[in-house]
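Both counts, for ligands and for their atoms, begin at 1 and track the order of listing.
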Amino acid sequence: MAQTVERVRDAVRRHSARFERAIPLIASENLLSPYAKELLVSDLHSRYAEGLPGERYYEGNEQVDEVETLCLDLAKRLFRCSFADVRPISGTVANFAVLKALAEPGDLVGTCRLADGAHISSASFGAFGVRGVKPVYYAWDPERMTIDVPRTKEILREVRPKLCLFGLSLFLFPLPVQELSSTLEDVGARGWYDAAHVLGLIAGGEFQDPLHEGCVVLSASTHKTLPGPQHGILLGNTEDPELTKRLASAAFPGVTSNHHLHSMAALAVSLAEHLAFGRAYARQVIANAKALGAALHERSFDVLGEKLGFTASHALAVRVTTEGGGEEVARRLAAAGIIANKNLLPGDTSPKRPGGIRLGTPEVTRVGMTEKEMVRVAELMDDLLHRGKRPESVAADAATLKSGFTGLRYCFAAGEAAYRYYDLVGHPPP
Ligand SMILES: Cc1ncc(COP(=O)(O)O)c(C=O)c1O
């Protein structure tokens, strides 16, 4: 068995070495800061703390209480809101908590279609299906890559859902929460925002501010544009004690038991770092995404959202039907050291044949890349997909580009020598 352990460790080392040489463009991924990563392997990983600070079911939780209280205060400060719960252990779990708190089986819940960018939480085979709620789909404007407000108002007035979810996995532009909020009020629906992808942009003040535009609750992952640990969060801006009570009891004991204290502590660090560096980071993430979109467009890629500057977020959608389709293009890019994912795009009819790829700039920005490097990334993609350059040769160019970015930015203790972010903690490759 010792050999098996070595095989696992070796596979992880090879994975890390691969990512160290690559250009990671997965829109939902990011890198943890040194202080946050340190806490992930702390003793908190071994402990339980069910309940809330001061009201635990176990002993030995005094310091955990201190950490969680800080984490909740930081979250409320960062998002200027009155309610936070950091017990959901992922974005999907946070979504389950909202559905448990605010909907009953059989209820109608507004959302976007998967092909328009919604997350699988809204699918019948995802959280919606598990809770037994029925989706009501908003109308979509494919040119502006957002919800079509006039047609959606009509749908909401006719169908009168109980809850309306605003959130996407392919999130290019802000959603019209404010524009729809009076209709939600008229039909008696509550607004719910899934900020898994754009949490760090919202916190940085560079996207939209759903909790101040009409949503009563926000659920999210904490590891995408917010460069924190893999975890989840619930935030609310309501004075209604009944609502916050329902959300809190949906988080625990509804959808979690122990809430992964090590990652909760890492989240506290990431929230504090985002208060210090989040605005600058969010700005550069978006500037990089816009620059990459423009550079790809100049090289004849079909980047969606052209009339609106391609994106107002961290993400881009590129239709690659002429280059071989989403699946083949994502695979060829990975072989050339550029990591992205195939993605359904509006108008795609088969979920098995996505017409596009999704690109994101959270990680490349975190290591310090700026607009200049985005142009180089577009050149590499052009070389591979339009000019017939061999994947090994593009991979070598990608590694050369990446070798200039060995430090992390936008966090404390970001020194280059002190921390190799792709290493196993304490066990650098030989
Ligand atoms: C919009 C949206 N919500 C929820 C999630 C799920 O997040 P997690 O992976 O933290 O469960 C994702 C994941 O990508 C997402 O895109």
Item to complete: Could you grab the distance from atom CD of Glu29 to atom CG of Asn341, nearest 0.5 Å is fine?
Response: 8.5 Å

Worksheet item: What are the atoms of ligand 1, with element, lying closer than 4.0 Å to any heavy atom of Leu168?
Response: 1 (C)

Item to complete: Any atoms of ligand 1 less than 4.0 Å from a non-hydrogen atom of Ser90? List them with their elements.
Response: 10 (O), 11 (O)

Discussion item. Geometry only, no angles: is Asp194 polar-contacting ligand 1 at N/O separations under 3.5 Å?
Written reply: yes

Worksheet item: Taking both backbone and side-chain atoms of Ser121, is any N or O found less than 3.5 Å from an N or O belonging to ligand 1?
Response: no

Fill in: Atoms of ligand 1, numbered as shown, that sit under 4.0 Å from any heavy atom of Ser169
1 (C), 2 (C), 15 (C), 16 (O)

Response to the item:
Near Lys224 (heavy-atom distance under 4.0 Å), the atoms of ligand 1 are 5 (C), 7 (O), 12 (C), 13 (C), 14 (O), 15 (C), 16 (O)

Worksheet item: Would you call the rings of His314 and His197 parallel, tilted or perpendicular, where under 30° means parallel and over 60° means perpendicular?
Response: tilted

Worksheet item: Is any N or O atom of Gly91, backbone or side chain, closer than 3.5 Å to an N or O atom of ligand 1?
Response: yes

Fill in: NZ/NE/NH1/NH2 to OD/OE distance under 4.0 Å, Asp43 and Arg47
yes

Worksheet item: Under 4.0 Å from any heavy atom of Asn95, which atoms of ligand 1 are there?
Response: 3 (N), 4 (C)

Item to complete: Determine, step by step, whether Arg279 and Glu206 satisfy the salt bridge (Lys or Arg N to Asp or Glu O under 4.0 Å) criterion, reporting the C-alpha distance in whole Å, the side-chain angles of both residues, the deciding distance to 0.1 Å, and the verdict.
Response: CA-CA 7 Å; Arg279 183 169 291 269; Glu206 294 293 316; 3.6 Å; yes

Discussion item. Has Asp348 got a side-chain atom pairing as donor or acceptor with Gly355's backbone, closer than 3.5 angstrom?
Written reply: yes

Item to complete: Nearest 0.5 Å please: distance from the CD atom of Gln230 over to the NZ atom of Lys224.
Response: 8.0 Å

Discussion item. Under a 4.0 angstrom heavy-atom cut-off, which atoms of ligand 1 come close to Thr92?
Written reply: 6 (C), 7 (O), 8 (P), 11 (O)

Discussion item. With a 4.0 Å cut-off on heavy atoms, is His223 in contact with ligand 1?
Written reply: yes

Worksheet entry | Tyr137 and Thr111, any side-chain heavy atoms less than 4.5 Å apart | yes

Worksheet entry | Distance-only N or O hit between ligand 1 and Ser221, under 3.5 Å | yes

Worksheet item: To the nearest 0.5 Å, what is the distance between CZ (Phe83) and NZ (Lys76)?
Response: 8.5 Å

